[in-house]
Structure formats: structure tokens, C-alpha cells
Amino acid sequence: MHWVIPLTILIFQQALLVQSEKVIRLTPQVEAHLTFLRGLDKRDDIEIDFWRSPSYLFQAVDIEVSEKDLPTLSSILKDHGIDFEVQINDVQKLIEEELETVGARSGGWHSRYHNLEEIHSKLIEFSGRMAFVLSLGKSHEGRQMRAIKIKGRYRYNKPVFFIQCGIHAREWVSPATCMYMIDQLTQKYGRDQSVTALLDKMDFVILPVLNVDGYAYTWINPRDRGYRLWRKNRRYHRSYRCHGVDLNRNWGYGWGGTGASHRPCDTTFRGSTPFSEIETINVRNYLKGLEGKLKGFIDFHAYSQMWFIPWGYTSRRTTDHWEQMRVAKAASDALRRVHGTRFKYGSSASLLYPASGGSEDWTYGELGVTYSFSVELRDTGHHGFLLPADQIIPTGEETFEGLKALVREMRV
Ligand code: ARG
Ligand code: ZN
């Protein structure tokens with residue numbers, strides 16, 4: 001007996017594995033549309049994934065759906081009088097194009113995306129006289145959560161700015177942007193006046209991949225049971241036979257409110273309790289350990305091009321609303337001047353959707369860090385989570401300018 005597997009079976013298996021997926025965009029016009037859309041991920045006749053959840057009237061909703069389920073979805077949408085357009089025709093093709101750029105040999109480090117090991121070894125390369133690598137602890141699956149601390153001139157009680165990326169695994173441009181900024185900060189201190197000023201004002205601690213397990217999982221080929229579009233961490237819920245807690249619904253301020261799910265298999269599952277997850281616990285402990293020196297905080301996400309101030313869990317304004325708006329405007333103005341990229345600024349509850357248990361609500365609400373933000377990087381949905389690698393550098397450049405303007409405006 002030899003290993004002769006008929007070619008047709010191989011091709012058939014491939015076809016089964018690689019379901020063609022699309023992303024459609026629609027815009028709710030009346031309240032009934034919203035109610036209906038919110039129930040869409042709870043049906044069992046179709047399987048969908050919100051790339052952008054339903055929030056308010058006239059706010060675009062992006063839905064990933066398989067070719068197989070599209071006819072059903074399109075007819076139920078029609079029944080409800082909802083028009084849609086196809087935003088991404090072939091998700092798989094974009095993933096494959098991305099894979100090709102990953103393997104490319106030409107171009108600099110920031111011209112393509114990198115897996116966790118590459119990111120962590122690059123951090124070591126960036127370390128030196130003014131920068132050192134530390135670990136905030138281990139993840140659920142035992143990976144180190146590596147960060148880098150970058151310092152300028154020493155000062156007693158110097159304020160610290162903490163930046164985290166990659167809390168959501170599939171938002172690849174977020175870790176890439178953190179790495180770009182780390183590169184700038186470590187290589188340009190003492191050479192570039194704006195970078196020097198930045199680091200003499202505050203020390204920076206940057207965690208490029210918070211959700212290390214989830215990120216590693218998005219790098220595993222589907223043939224080996226990985227998934228590029230995974231969002232949550234990788235905790236296993238045995239009795240539900242599914243994985244993951246949404247780490248940006250797990251922080252302990254306003255936890256358990258709207259915009260977070262209590263159902264373990266949902267993409268926005270909040271966890272069993274506030275800070276039920278080791279990844280959020282590790283960051284919480286590190287930030288608490290800074291003992292009041294923490295003066296700035298940003299959590300980078302993708303996509304939508306928005307600079308969020310607190311609150312995320314409620315549409316009520318904070319007591320620091322105008323100060324937060326002032327610096328967010330400075331950041332988004334500076335950002336736009338680089339490549340013309342337009343960012344909206346305001347609270348996420350008012351611009352996108354209310355979502356409780358977010359990181360910036362906790363740093364602001366619990367630690368009193370006035371300058372707490374979360375940011376949605378490029379794009380506005382054309383590529384969504386699958387932003388082509390040739391946009392990493394432009395995204396890094398504009399975001400870094402935004403950050404510099406923000407820090408310049410901060411009163412600390
Ligand atoms: N897209 C981000 C998320 O869904 C936005 C978070 C904004 N912050 C918040 N606390 N809602 O997690
Ligand atoms: Zn996100």
C-alpha cells in the first residue's frame with residue numbers, strides 16, 4: 001500500500017478549508033434596523049462576525065460573512081429593508097496577499113508585518129543605554145508580555161507615558177505602529193529635537209503586543225488551526241467549547257455594562273469578573289506599581305481613524321472633557337498634516353459605540369490619568385483589519401506626529 005491520495009480529494013479538502021468570505025457594509029436608517037442588527041450574531045441559521053458592531057443610526061456596520069451564508073443574510077436584510085454594499089469581496093485573497101508580503105526579503109523592517117518572536121527579538125535590538133526590555137508577566141499560555149522602557153534625561157519623579165498595542169489580536173497595524181514609534185524614540189534621541197524634547201519631558205513604556213497568545217494565534221495557518229481574524233485572548237471555556245475573553249472588555253471600571261457580552265463564545269465577551277484575565281492583571285499591576293507617575297496612556301487599535309477620550313462605557317462627559325478634547329484635537333490635527341489622514345476625536349461612546357470594561361476608562365477612572373486615550377488607526381474599512389503592509393510606515397509616521405503633538409500639549 002502506498003500513500004496515494006487522489007488529487008481530487010486534496011483539492012476538495014482545500015476548498016472546504018478555504019471558505020470564501022466577504023465583508024459587507026450597511027448603514028442603519030431607523031431604530032428597528034439597529035435592534036435587528038444587534039441580534040444578528042445570535043442566530044443559528046447564519047454565522048457572521050462584526051468587524052464594526054452596530055452602534056448608532058447612520059453609523060456604518062461592517063459584517064464578515066461566508067459566501068455560503070450571504071444569500072440567506074442578503075434576503076433577511078432585504079426583508080428588513082436594509083441595503084448593503086460589498087466592502088471586501090474576497091477576504092481570503094487579502095490574507096494571501098498579506099502572506100506574500102510577510103515572506104518578502106526586500107525593504108526595511110517596517111515594510112512588513114512581523115510575528116511575535118520577531119517583534120520580541122527586535123525589542124532587544126532596540127534596547128541600549130536609554131532603553132531596556134522588561135516583561136510584565138506571562139500570558140495564559142505562558143508567553144512573556146515584553147515591553148520596553150525608554151528614558152531621556154533623568155529627573156526625580158519624572159512622569160511616565162504608557163502605550164499598549166495589540167490588545168486585539170487581529171489588528172496587526174497596532175503592534176506594527178508601536179514598533180515604528182519605539183524605533184523612532186530609541187534611534188532619534190539626541191539627534192532629532194522633537195524626539196529629544198519628548199523623552200526629556202516623560203519616560204515611555206511601550207508594550208507592543210499585549211494579547212500575545214491571540215497575536216500568535218493569528219499567525220498560525222488555518223491548515224494548522226490558526227485564524228487570522230481572531231480578536232480575544234485564548235482562554236478555553238470548557239463547557240462552551242470555545243475560546244477567548246475580549247481583553248478590552250475586562251478592565252475593572254464600569255465593567256459589565258453595555259457593549260460587552262456575558263456570553264463566553266461572543267467576540268466581545270467581558271470575562272467572568274473584572275480582571276479575570278492574567279493579561280489585563282499583569283498590565284494593571286505594572287501600572288499600579290508606577291505609583292502616580294503615570295501621566296499618559298494610549299491603547300492602540302484598528303480600524304476607524306478615531307482618537308478616543310473617556311468615557312467608553314457611558315456617553316456622560318468626564319470632568320476633564322474639554323482638556324481631553326483639546327489635546328485629542330492637537331493630536332489629530334498634527335496627524336493629518338503628515339499624509340492628510342483624517343481622524344475624528346471624541347469619546348468612543350459618542351463616536352463609535354459604548355463599550356464597557358475598556359482600558360482607558362480604567363486608567364482614567366481608577367488611576368486618575370487625565371490623558372487616557374484609545375485610538376483606532378487606519379483605515380476606514382476599505383481593508384479593515386487587513387491593512388496592506390505598505391501602509392505600516394505612513395501609519396507609523398502620522399501616528400508618531402500625533403503622539404508628539406499630544407505630549408507637547410500635556411500639562412504635566
Ligand atoms: N474598538 C475598540 C473596542 O471595541 C474601541 C474601544 C474604545 N474604548 C472603550 N472603552 N469603549 O474595544
Ligand atoms: Zn480593537
Side-chain angles (χ1 to χ4, degrees), residues 38 41 49-56 59-62 64 163-178 207-211 214-215 218 228-233 244-261 266-271 274 277 279-280 283 297-318 324 328 343-367 369 372-381 384-387 395 399:
R38 288 194 187 108
D41 58 349
D49 185 9
F50 285 119
W51 280 28
R52 233 157 94 143
S53 308
S55 52
Y56 301 106
Q59 282 279 352
V61 174
D62 295 341
E64 184 191 346
I163 296 178
Q164 61 183 43
C165 289
I167 194 172
H168 287 144
R170 62 192 174 185
E171 301 164 6
W172 281 12
V173 76
S174 159
T177 301
C178 258
L207 170 63
V209 185
L210 188 157
N211 180 6
Y215 189 72
T218 62
R228 170 65 182 83
L229 294 165
W230 189 253
R231 168 180 168 102
K232 302 187 282 181
N233 76 353
V245 170
D246 184 340
L247 296 176
N248 207 32
R249 300 291 181 277
N250 192 238
W251 299 69
Y253 195 89
W255 180 89
T258 52
S261 172
D266 286 359
T267 48
T268 58
F269 177 47
R270 64 194 187 189
E277 303 311 294
E279 293 86 0
T280 47
V283 180
F297 174 88
I298 303 181
D299 183 0
F300 281 105
H301 293 253
Y303 57 95
S304 279
Q305 297 178 192
M306 294 176 180
W307 203 287
F308 294 136
I309 67 170
W311 300 109
Y313 79 106
T314 169
S315 43
R316 268 189 0 252
R317 281 182 181 171
T318 69
Q324 289 162 337
F343 270 56
K344 293 184 175 149
Y345 56 93
S347 85
S348 85
S350 64
L351 291 180
L352 190 66
Y353 43 71
S356 57
S359 58
E360 83 282 23
D361 280 3
W362 183 80
T363 55
Y364 177 61
E366 183 70 30
L367 298 183
V369 178
S372 290
F373 307 92
S374 79
V375 174
E376 298 275 4
L377 299 169
R378 291 190 189 190
D379 57 10
T380 54
F385 304 121
L386 301 168
L387 192 72
T395 303
T399 307

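As the structure lists them, so they are numbered: ligands from 1, and atoms in each ligand from 1.
Outside the 6.0 Å centre-distance limit, the rings of Y253 and W251 are not counted as a close aromatic pair. Less than 6.0 angstrom separates the ring centroid of Y303 from the ring centroid of F385.
In this structure, Y313 falls outside the shell of residues with a heavy atom less than 4.0 angstrom from ligand 1. Look at R52 and you'll find every heavy atom at least 4.0 Å from all atoms of ligand 1.
Checking side-chain atoms of T218 against main-chain N and O of R170 turns up no donor-acceptor pair under 3.5 Å. With R270 contributing its side chain and G256 its backbone, the two residues share a donor-acceptor pair below 3.5 Å. Without hydrogens or angle criteria, T314 side chain to R316 main chain gives a donor-acceptor distance under 3.5 Å. The backbone N or O of I309 sits nowhere less than 3.5 Å from a side-chain atom of W307 that would complete a donor-acceptor pair. At least one donor-acceptor pair under 3.5 Å links the side chain of K232 to the backbone N or O of D266. Within the 3.5 Å criterion, the main-chain N or O of G381 finds no donor-acceptor partner in the side chain of D62. With N248 contributing its side chain and S359 its backbone, the two residues share a donor-acceptor pair below 3.5 Å. A donor-acceptor pair under 3.5 Å is absent between the side-chain atoms of S372 and the main chain of F297, judged by distance alone.
When heavy-atom distances to ligand 1 are checked against a 4.0 Å cut-off, M306 has no atom that comes that close, whether in backbone or side chain.
The protein heavy atom nearest to atom 5 (C) of ligand 1 is E376 OE2, 3.4 Å. Counting protein heavy atoms only, atom 10 (N) of ligand 1 is closest to E360 OE2, 3.2 Å.
The atoms of ligand 1 that sit less than 4.0 Å from any heavy atom of S348 are 7 (C), 8 (N), 9 (C), 11 (N). Of all atoms in ligand 1, numbered sequentially from 1 with element shown, those under 4.0 Å from a heavy atom of N248 are 3 (C), 6 (C), 12 (O). Every atom of ligand 1 with a heavy atom of G312 under 4.0 Å away is listed here by number and element: 9 (C), 10 (N), 11 (N). The A355 neighbourhood of ligand 1 comprises atoms 9 (C), 10 (N), 11 (N), with distances under 4.0 Å to a heavy atom of that residue. Taking every heavy atom of G358 and a limit of under 4.0 angstrom, the matching atoms of ligand 1 come to 10 (N). Remark: ligand 1 atoms within the under-4.0 Å shell around heavy atoms of H168 are 3 (C), 12 (O). Below 4.0 Å from some heavy atom of S374 lie the following atoms of ligand 1, by number and element: 7 (C), 8 (N).
Its N, O or S atom nearest to the Zn ion (ligand 2) is what matters here, and for H168 that atom is ND1.
Geometry note: the Zn ion (ligand 2) is the vertex, H301 ND1 and E171 OE1 are the arms, and the angle is 90° (rounded to 10 degrees).
Within the coordination shell of the Zn ion (ligand 2), defined by N, O or S atoms under 2.8 Å, E376 is absent.
At a 3.5 angstrom cut-off on N or O pairs, S359 does not count as close to ligand 1. Polar contact with ligand 1: absent for F308 (N/O pair, distance under 3.5 Å). By the 3.5 Å distance cut-off applied to N or O atoms, H301 is not counted among the residues near ligand 1.
A side-chain donor-acceptor contact under 3.5 Å links E279 and N233.
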